[in-house]
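A short write-up of the structure that comes next.
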Amino acid sequence: MTQVIRSSAELRERVAAWKRSGMLVGVVPTMGALHDGHLSLVRAARAQSDRVIVTIFVNPMQFNNASDLEKYPRDEGHDLSLLEAAGVDVLFAPGVDEVYPQGFATKVSVAGISEPLEGAFRPGHFDGVATVVSKLFGMTQAGRAFFGEKDWQQLQVVRRLTTDLNIPVRVIGCPTIREEDGLAMSSRNVRLSAAERETAPALHAAMQAAAAAMREGTPVAEALDTARAAIAAAGFGTVEYLDLRRAESLAPAEDLSEPVRMLAAIWLGDVRLIDNIAV
Ligand code: PAF
């Protein structure tokens, strides 16, 4: 049975009792609207920890757009039934006042790696992520934390802050889970219309084709241009970025001589899709 805890004091007691018994605690931070991608993180957490906490908190501080925050899907009852079935020990679902009590005045800001890509198009987003993740690490006291590679830049930001702030948690990145047609699973996908849902997999297909072309020797800029044209032809809106970057530093990459990642953020109707793949 999954216990629902809303107060960090109660969570702290629960975790302290587990730790006194020598248990390793894993956490999966989420914003709810859970899908198979989240459940794959839960499976990884269960395999690598003795007790698993899933957090659900739609973090206002990381939304740079009020309507995105308002429209963010929420269904805690359904989420809880999925977590029960997945064998999660605790759902930590604090309210906004529990996370940001009156007088809250601290911001965690990770320079450099937060700045390009998502950081450029969503100003303040990663400050919100870094702040809430630091708080969730403090509140859960977990030894392991599981994040999806779908949010590749977020994963690098979380790794950086964990190292920089000496937080005693091991950050584990887990592969992106995709629908059968290649669309990366995301809580925002439920907002796609039927027609948009049909178009959506064309993003991953274009990225895969560009990656294959690069591996066969097509210059990076040319392969990315071809992908942009395919994405436009498929009916997508604005391409915010479609870029090749060094996998860890996210510095621009001109070739495949080091581990690289192709990352994209693209609008489809009023839904913003992000994706990334190794090349
Ligand atoms: O990836 C998410 O769902 C969120 O950015 C996270 C890590 C839970 C922080 O709010």
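Ligands are counted one by one from 1 in listed order, and the atoms in each one are counted from 1 as well.
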TODO: Within a distance under 4.0 Å of any heavy atom of P29, pick out the atoms of ligand 1 and give their elements.
DONE: 8 (C)
TODO: Please state which part of T55 comes within less than 4.0 Å of ligand 1, counting heavy atoms only: side chain, backbone, both or neither.
DONE: neither
- [ ] Please tell me if the side chains of V88 and V28 come closer than 4.5 Å, counting only heavy atoms from C-beta onward.
- [x] no
Task: Side-chain heavy-atom pair N276, R245 within 4.5 angstrom cut-off - done: no
Pair up each side-chain donor or acceptor in residues 47-57 with any protein partner under 3.5 Å, not counting sequence neighbours, and list the distances.
from, atom 1, to, atom 2, distance (Å)
S49, OG, A45, O, 2.6
D50, OD2, L24, N, 2.7

Task: E149 atom CD: more than 12 heavy-atom contacts under 6.0 Å - done: yes
TODO: Can you sort out the partners of Y72 under ring-ring contact (aromatic ring centres under 6.0 Å, His included), two or more places apart, ordered by chain and number?
DONE: F63
- [ ] Would you check the N or O atoms of Q154, main chain and side chain alike, for any that come under 3.5 Å of an N or O of ligand 1?
- [x] yes
Open item on the list: Under a 4.0 angstrom heavy-atom cut-off, which atoms of ligand 1 come close to V132?
Closed with: 9 (C), 10 (O)
Open item on the list: Check this for me - ligand 1, T30, N or O atoms closer than 3.5 angstrom, yes or no?
Closed with: no
Open item on the list: Among all protein heavy atoms in this structure, tell me which lies nearest to atom 9 (C) of ligand 1, with the distance rounded to 0.1 Å.
Closed with: Q62 OE1, 3.3 Å
